[in-house]
Colleague: 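Please see the structure below; I have some questions.
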Amino acid sequence: MSLLKTASRAGLTAADMLKFKKYLIENLSRGLEGQEMPSTKQIEFVTQNINEIYERSQLKLPEVVKQQLTRDVLDEVLGYGPIQSLLDDPDVSEVMVNGPQMIYVEKKGQLTKTPMTFENDAHVLRIIDKIILPLGRRVDADSPTVDARLPDGSRVNAVVPPVAIDGPSITIRKFRKDKLSIQALVDYGSITQTMAEFLRACVLARLNIVISGGTGSGKTTLLNVLSGFIAEDERIVTIEDAAELQLQQEHVVRLETKTASTEGHGAVTIRDLVRNCLRMRPDRIVVGECRGGEALDMLQAMNTGHDGSMTTVHANAPRDALARLETLVLMAGMDLPLKVVRQQIASAVDLIVQQSRMKDGTRKVTAITEVGGMEGDTVILTDVFKFEQTGMGEGGKVLGNLKPTGIRPGFMPRLEAAGIKLGPEVFGADLAGMVSGRSRR
């Protein structure tokens, strides 16, 4: 329940409560300026000062109002205002602010509107500034969009007027406190045990993998899980717009893009970082997402000795992912014939893993597809595993099965050369009746 509703039930005016709350926030914010102390000490400091100011004010507030006031001031001074309680809720996976009066959350794949509100547009802007200023980023009328992250790794996108017509907007993709494991994805039904075993083998055998999917389908989560299979003795370089990946290996170099200064200079793009990382002696290159000309540099790296690289792209199907990569390569500004682009893709990419967000909010790996080289002007794709929907259950739950297609991928000799043996049961067929996929290597 909001402070104003609690106060009104206690017979206090909204104006008086807002005035007192603003007075507390201003005093406490000044008191914390220039002080460095642990978060627990900050909470003690703020709570103690709230009580002291309250005693001096000689206000006689009901206990429920006083507790709500203390929580709101703590959230405003030490957190991110009205959305702090949503960020603290482990069941909330995403927070969406559509202007000061409309805050939505995603819980278990479902969107719901919350009773939380900001005071006005200026209040939302203050919270945006609080998020981005420590990162050296800016947002204003000249640069009205920004990507950032919270200290816990949660991804933030903010859009302000004049681009955001109905007021400043914030979208926060929360970072999980507990790192998901491949077994957790199996338990959730996002993937089967045999698919997990197959993907682990592909990562260990240094296949180049592209994870494809729509917005919010779980591409970055899956990339994080797959990167966990990389051996400890390999040097990994990660490249992202806003750092989200949380690799557990020790030998990791994390690179993040930089926006231009107010004068328009000093921007560092993903493409710049991909080029630079080639001079950093990486064993593995992991790019958070290819969304521009860096796709060409990524493919070049995959083709020139950096096997085992991984990235994500926005696409709704494996075939669409190829078309998307073609478009991104052409965005690099190189006047390449389409057949040459396709040859680059077919030579570089070994596997496409399609991740989808189903209608019931669940996320599943709906296809694992081998890129099997070229036939004429066409890139050959072969599904190794596929999700088949069988219907809809109670409450709109999607029913279906994740199962192998019975086709043995053409890169199996590479897995065997890496010392990995996968039995025919992984692919859902007996050895005698198994169909072999194409191999370009």
Side-chain angles (χ1 to χ4, degrees), residues 90-94 96 104-113 173-174 176 178 180-202 209-226 312-324 351-372 379-409 422-430 433-435 437:
D91 293 330
V92 172
S93 57
E94 198 148 359
M96 291 148 278
Y104 287 82
V105 296
E106 182 187 66
K107 280 188 177 184
K108 298 179 180 177
Q110 302 299 316
L111 293 179
T112 55
K113 187 178 180 182
R173 179 80 50 80
K174 282 181 61 180
R176 290 180 63 96
D178 54 325
L180 270 180
S181 64
I182 193 72
Q183 188 57 48
L185 295 184
V186 173
D187 295 340
Y188 290 147
S190 298
I191 195 172
T192 66
Q193 191 67 53
T194 52
M195 291 166 73
E197 184 182 347
F198 175 74
L199 287 176
R200 177 179 176 276
C202 291
I209 300 173
V210 172
I211 299 172
S212 164
T215 301
S217 60
K219 299 186 299 297
T220 304
T221 298
L222 183 59
L223 181 61
N224 223 0
V225 170
L226 294 187
T312 73
V313 296
H314 271 84
N316 294 323
R319 179 66 64 181
D320 293 344
L322 291 182
R324 172 78 170 155
L351 201 67
I352 297 174
V353 182
Q354 183 66 39
Q355 179 86 8
S356 301
R357 185 177 186 270
M358 314 306 286
K359 289 182 179 179
D360 59 0
T362 58
R363 277 93 169 167
K364 293 184 185 296
V365 174
T366 52
I368 298 178
T369 304
E370 178 192 13
V371 182
V379 179
I380 303 301
L381 295 182
T382 306
D383 289 332
V384 183
F385 294 89
K386 200 163 180 64
F387 174 75
E388 291 184 3
Q389 185 172 338
T390 57
M392 300 293 288
E394 293 182 7
K397 185 174 178 59
V398 174
L399 302 177
N401 299 304
L402 291 160
K403 56 186 182 180
T405 60
I407 297 175
R408 186 176 185 266
L422 294 179
E425 67 280 358
V426 171
F427 305 103
D430 293 329
M434 186 172 293
V435 181

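When a residue number appears, it is its place in the shown sequence, counting from 1. Since the model is a prediction, treat every value here as computed from it, not as a measurement.
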Colleague: Take Val365 and Leu185 through the test side-chain contact (heavy atoms from CB on, under 4.5 Å) and record every step on the way to the result.
Modeller: CA-CA 10 Å; Val365 174; Leu185 295 184; over 6 Å; no
Colleague: Once you round to the nearest 0.5 Å, how far does NZ of Lys386 lie from CE of Met195?
Modeller: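 One finds 10.5 Å between NZ of Lys386 and CE of Met195.
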Colleague: Taking the side chain as C-beta and beyond, is there a heavy-atom pair between Lys364 and Ser356 under 4.5 Å?
Modeller: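 No, their side chains stay 4.5 Å or more apart.
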Colleague: For the residue pair Met392 and Val398, establish whether any side-chain heavy-atom pair is separated by less than 4.5 Å.
Modeller: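 Yes; the side chains approach each other to less than 4.5 Å.
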Colleague: Could you tell me whether a side-chain N or O of Arg363 sits under 3.5 Å from a main-chain N or O of Gly216, the two making a donor and an acceptor?
Modeller: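 Confirmed, Arg363 side chain pairs with Gly216 backbone.
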Colleague: Find out whether Met358 and Thr366 are in side-chain contact, i.e. whether some heavy atom of one side chain is under 4.5 Å from a heavy atom of the other.
Modeller: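 Contact flag for Met358/Thr366 side chains = yes.
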Colleague: Please identify each residue that fulfils salt bridge (Lys or Arg N to Asp or Glu O under 4.0 Å) with Lys359, with sequence neighbours left out.
Modeller: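 Not a single residue meets the salt bridge (Lys or Arg N to Asp or Glu O under 4.0 Å) criterion with Lys359.
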Colleague: Output, in order, the C-alpha distance, side-chain angles, deciding distance and verdict of side-chain contact (heavy atoms from CB on, under 4.5 Å) for Leu351 and Leu199.
Modeller: CA-CA 9 Å; Leu351 201 67; Leu199 287 176; 3.9 Å; yes
Colleague: Which residue pairs satisfy the ring pair (Phe, Tyr, Trp, His ring centres under 6.0 Å) criterion with at least one member in residues 384-405, sequence neighbours excluded?
Modeller: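 Every pair satisfying ring pair (Phe, Tyr, Trp, His ring centres under 6.0 Å) with a residue in residues 384-405: Phe198-Phe385.
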Colleague: So Leu322 and Ile352, do their side chains get closer than 4.5 Å, heavy atoms only?
Modeller: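 Counting from C-beta outward, Ile352 and Leu322 do come under 4.5 Å.
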Colleague: Not counting sequence neighbours, which residues clear side-chain hydrogen bond (donor to acceptor under 3.5 Å, both in side chains) with Gln389? List them please.
Modeller: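 Gln389 satisfies side-chain hydrogen bond (donor to acceptor under 3.5 Å, both in side chains) with no residue once adjacent residues are dropped.
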Colleague: Considering residues at least two apart in sequence or located in another chain, which fulfil the side-chain hydrogen bond (donor to acceptor under 3.5 Å, both in side chains) criterion with Asp383?
Modeller: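 Applying side-chain hydrogen bond (donor to acceptor under 3.5 Å, both in side chains) to Asp383 gives Thr369.
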Colleague: Looking at residues at least two apart in the chain, or sitting in another chain, which of them share a side-chain contact (heavy atoms from CB on, under 4.5 Å) with Arg200?
Modeller: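 Arg200 satisfies side-chain contact (heavy atoms from CB on, under 4.5 Å) with Leu204, Phe229 once adjacent residues are dropped.
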Colleague: Test of understanding: with side-chain contact (heavy atoms from CB on, under 4.5 Å), list the residues that count as partners of Thr221, not counting sequence neighbours.
Modeller: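 If we apply the side-chain contact (heavy atoms from CB on, under 4.5 Å) test to Thr221, skipping adjacent residues, the hits are Leu180.
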Colleague: Name all residues meeting the side-chain contact (heavy atoms from CB on, under 4.5 Å) criterion together with Ser217; count only those two or more places apart in sequence or in a different chain, and write none if there are none.
Modeller: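 Counting only residues at least two positions away or on another chain, Ser217 forms a side-chain contact (heavy atoms from CB on, under 4.5 Å) with Lys219, Gln355, Arg357.
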Colleague: Which residue pairs satisfy the side chain to side chain donor-acceptor pair (under 3.5 Å) criterion with at least one member in residues 396-406, sequence neighbours excluded?
Modeller: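 Every pair satisfying side chain to side chain donor-acceptor pair (under 3.5 Å) with a residue in residues 396-406: Glu388-Lys403.
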Colleague: Would you please name every residue forming a side-chain contact (heavy atoms from CB on, under 4.5 Å) with Asp187, sequence neighbours left out?
Modeller: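 side-chain contact (heavy atoms from CB on, under 4.5 Å) list for Asp187, sorted by chain: Gln183.
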Colleague: Could you give me the CA-CA distance, side-chain angles and deciding distance for Thr112 and Val105, then say whether side-chain contact (heavy atoms from CB on, under 4.5 Å) is met?
Modeller: CA-CA 6 Å; Thr112 55; Val105 296; 3.4 Å; yes
Colleague: Using side-chain hydrogen bond (donor to acceptor under 3.5 Å, both in side chains) as the criterion, list what pairs up with Thr215, not counting sequence neighbours.
Modeller: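 Thr215: side-chain hydrogen bond (donor to acceptor under 3.5 Å, both in side chains) contacts with His314.
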Colleague: Listed by chain and number, what are the side-chain hydrogen bond (donor to acceptor under 3.5 Å, both in side chains) partners of Ser181, not counting sequence neighbours?
Modeller: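 side-chain hydrogen bond (donor to acceptor under 3.5 Å, both in side chains) check on Ser181 returns nothing, list empty.
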